[in-house]
There are 2 protein chains.
Amino acid sequence: MGTRTGCVMTKSILDRLEAQGLRMTDQRRTIARVIQESEDHPNAEELHARANALDSRISLATVYRTVKLLQEAGILERLEFGDGRARFEDSQRAHHDHLIDMDSGEVIEFCDPEIEALQEKIARRLGYRLEGHRLELLGRKLK
Amino acid sequence: MGTRTGCVMTKSILDRLEAQGLRMTDQRRTIARVIQESEDHPNAEELHARANALDSRISLATVYRTVKLLQEAGILERLEFGDGRARFEDSQRAHHDHLIDMDSGEVIEFCDPEIEALQEKIARRLGYRLEGHRLELLGRKLK
DNA sequence: TTACATGCAAAGGATTTGCCTCTGA
DNA sequence: TCAGAGGCAAATCCTTTGCATGTAA
């Protein structure tokens with residue numbers, strides 16, 4: 001689950017949190033660690049479960065508050081795969097797109113420089129400077 | 001608002017509804033008409049407001065039920081732009097992607113055969129047959 | 001006639017918030 | 001010390017559903 005290509009990790013979420021001068025609490029440390037160690041795209045409830053396994057003093061409300069904080073700080077990216085709940089991932093891991101297996105729901109990550117370049121070109125043609133994008137491919141396994 | 005390129009309209013939503021052998025009620029006719037005439041990407045509440053302007057006997061619940069019906073029949077596409085509510089559009093208009101103006105929120109539609117082809121290629125490379133995709137570009141107007 | 005559609009209000013699920021207590025710096 | 005963080009439960013927002021009534025075919 002979770003194939004990746006060409007993405008480099010630099011600073012830990014914790015480092016980036018501290019760099020922003022945000023107050024460090026046990027809860028934030030734990031949640032940061034959980035996100036850091038997640039190879040998939042957990043939703044709030046999943047983050048809560050994983051964080052609780054490390055420290056049972058963490059409430060779901062705090063997970064939501066922390067996730068929003070990290071998102072506003074640009075540390076975390078919020079994703080929506082159309083199932084009605086938000087999913088999260090480290091934005092340093094975020095320079096990639098997703099292919100969703102329509103049968104199993106498995107999410108495969110990929111990076112493609114060609115598609116990035118093409119997107120730039122399209123935006124420019126429409127009179128815009130590209131600031132970001134979301135791309136999800138939906139497919140079924142070839143036999 | 002709503003620029004488009006290279007998309008052709010063939011049958012009305014109403015025709016497609018009838019072609020599926022679904023029961024035709026005044027509510028469904030009105031909702032179909034409202035979607036047909038929408039050039040933007042209305043959410044359920046907006047559809048409800050527009051439908052009510054034509055016929056006040058339409059409840060929000062019926063809008064939700066009809067929209068789900070049309071979606072399952074492949075007549076309508078459900079979109080999510082990350083604001084937590086679903087938006088809808090005629091799927092005959094749906095072979096295109098969206099560029100979202102990060103400042104104004106305006107949504108520009110575009111079709112690009114190159115990007116379609118590239119997506120096919122990427123999916124195949126990952127061992128999948130492409131069945132669909134979602135692509136949103138986020139950008140700011142060039143000055 | 002009768003299976004299916006609708007309205008209304010209540011239920012549900014995800015997320016946010018008020019309030020009071022606790023704690024990092 | 002004390003502004004900001006967290007827990008808990010209530011509130012909110014969007015969407016779905018149960019039930020009694022209405023209606024297309």
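Computed from a predicted structure; not experimentally measured. All chains are named by letter (A, B, ...) in the order of the sequence lines, taking the proteins before the strands, and each is independently numbered beginning at 1. Just the heavy atoms: all of them, side chains too, but no hydrogens, waters or symmetry mates, feed the values below.
- We find that A:R129 and A:E131 are joined by a salt bridge, their nearest charged nitrogen and carboxylate oxygen being less than 4.0 Å apart.
- Around atom CZ of B:R33, no more than 12 heavy atoms belonging to other residues, nucleotides or ligands sit under 6.0 Å away.
- Following rounding to the nearest Å, A:E80 (CD) and C:dT15 (P) show an atom-to-atom distance of 9 Å.
- Taken together, the paired segments of DNA chain C that extend over three or more consecutive Watson-Crick or G-U pairs, each closer than 3.5 Å at both contacts, are C:1-25 with D:1-25.
- With D:dC14, C:dA9, C:dT16 as the choices, the nucleotide that has an atom nearest any side-chain atom of B:R85 turns out to be D:dC14.
- For A:Y64, no side-chain nitrogen or oxygen approaches OP1 or OP2 of C:dT16 to under 4.0 Å.
- Remark: A:E136 engages B:R134 in a salt bridge (charged side-chain N to carboxylate O under 4.0 Å, His left out) (not counting sequence neighbours).
- You'll find the side chain of B:F88 stays beyond 4.5 Å of the side chain of B:I35, heavy atoms only.
- The CG-P distance, from A:L47 to C:dA14, rounds to 14 Å in whole Å.
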**Study point:** Base-contact (B) and sugar-phosphate-only (S) positions in nucleotides 20-25 of chain D, heavy-atom cut-off under 4.0 Å, - elsewhere
**Key:** ---BBS

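- Considering only the side chain of A:Q27, D:dG6 comes nearest among D:dG6, D:dT17, D:dT15.
- A 4.5 Å side-chain heavy-atom check between A:L135 and A:Q119 finds at least one atom pair inside the cut-off.
- Each of A:R28 and B:K68 has a nearest nucleotide on DNA chain D; the 5'-most of these lies closest to A:R28.
- Closest approach to the A:A44 side chain among C:dT15, D:dG6, D:dT17 is made by C:dT15 (side chain taken as heavy atoms from C-beta onward).
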